[in-house]
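The structure appears below as structure tokens.
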Amino acid sequence: MTEAMGWIDENWMFVAPPLALALFLYKLQNAPTGTGRFYYIMAWLALPLYAFHQFEEHGYDLYGRRYHFINYFNEMKPLGVELIPRVVTIINLVDVHFCFGVMAVLLEQTGNPVFGVLSHSL
């Protein structure tokens with residue numbers, strides 16, 4: 001970690017899992033009955049599951065390395081660019097947490113299971 005990193009860049013992966021799990025458990029209490037229940041639960045379950053995955057990828061990996069994904073990605077340079085913590089934060093908070101949430105809300109509001117599928121496809 002560097003001093004240039006802000007608090008959010010350094011800690012979002014620790015805050016996201018418990019918040020996403022709490023939101024899922026809250027939404028589970030209001031889950032509809034009938035055929036839409038499965039899609040509703042799967043759409044909201046995507047948030048905590050992915051948040052726990054992000055903890056392992058960006059918090060501490062299985063070897064105890066802190067924020068090792070950036071080093072791993074930058075060694076490979078699959079896109080010819082290097083990642084910095086701010087870009088990883090933006091990608092994960094906006095694309096994953098915000099978009100998963102929007103898709104789950106759209107599914108909840110419309111009952112259309114396509115939004116639940118889209119939340120898993122982003």
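Because only heavy atoms are used, hydrogens play no part in the values below, and waters and symmetry mates are left out as well, while side chains stay in.
- Every side-chain contact (heavy atoms from CB on, under 4.5 Å) that Leu93 has, sequence neighbours left out, goes to Ile8, Trp12, Thr89, His97.
- Other members of a hydrophobic cluster containing Tyr26 are absent, since no ILVMFWY side chain comes under 4.5 Å of it, directly or through relayed contacts.
- Cluster annotation: Leu62 and Phe69 are assigned to distinct hydrophobic clusters (Ile/Leu/Val/Met/Phe/Trp/Tyr, side-chain heavy-atom contacts under 4.5 Å, transitive).
- Taking Ile, Leu, Val, Met, Phe, Trp and Tyr as hydrophobic and joining them when side-chain heavy atoms fall under 4.5 Å apart, one finds Tyr72 in a cluster with Met76.
- Applying the side-chain contact (heavy atoms from CB on, under 4.5 Å) test to Phe98 and every residue at least two apart in sequence or in another chain returns Val102.
- When hydrophobic residues (I, L, V, M, F, W, Y) are linked wherever their side-chain heavy atoms come within less than 4.5 Å, the members clustered with Val94 are Ile90.
- Scanning both residues, His58 and Arg66, for their nearest heavy atoms gives O-NH1, 3.4 Å.
- Applying the side-chain contact (heavy atoms from CB on, under 4.5 Å) criterion to Tyr40, with sequence neighbours excluded, gives Lys27, Asn30, Ala31, Pro32, Trp44, Leu107, Glu108.
- Counting only residues at least two apart or on different chains, the salt bridge (charged side-chain N to carboxylate O under 4.0 Å, His left out) pairs with a member in residues 37-62 are Asp61-Arg65.
- With sequence neighbours left out, Pro48 forms a side-chain contact (heavy atoms from CB on, under 4.5 Å) with Ala20, Leu21, Phe24, Leu45, Phe52.
- Pairs of residues two or more places apart, or lying in two chains, that qualify as salt bridge (charged side-chain N to carboxylate O under 4.0 Å, His left out) and include a residue from residues 74-85 are Lys77-Glu82.
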Handout entry: Verdict with supporting geometry, Glu10 and Tyr67, side chain to side chain contact (heavy atoms under 4.5 Å, CB included)
Key = CA-CA 9 Å; Glu10 199 169 334; Tyr67 220 142; 5.9 Å; no
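- For Phe55, the ring pair (Phe, Tyr, Trp, His ring centres under 6.0 Å) partners are Phe14, not counting sequence neighbours.
- Sorted by first then second residue, the salt bridge (charged side-chain N to carboxylate O under 4.0 Å, His left out) pairs that include residues 42-52, not counting sequence neighbours, number zero.
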Handout entry: From CA spacing to verdict: side chain to side chain contact (heavy atoms under 4.5 Å, CB included), Val88, Phe73
Key = CA-CA 11 Å; Val88 173; Phe73 184 92; over 6 Å; no
Practice task
Could you please spell out the steps behind the side chain to side chain contact (heavy atoms under 4.5 Å, CB included) verdict for Leu47 and Leu23?
Solution key: CA-CA 9 Å; Leu47 282 168; Leu23 178 62; 4.0 Å; yes
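- For the atom pair CD1 (Ile41) and CG (Leu28), the distance works out to 5.5 Å, reported to the nearest 0.5 Å.
- A donor-acceptor pair under 3.5 Å links the side-chain atoms of Asn11 to the main chain of Trp7, judged by distance alone.
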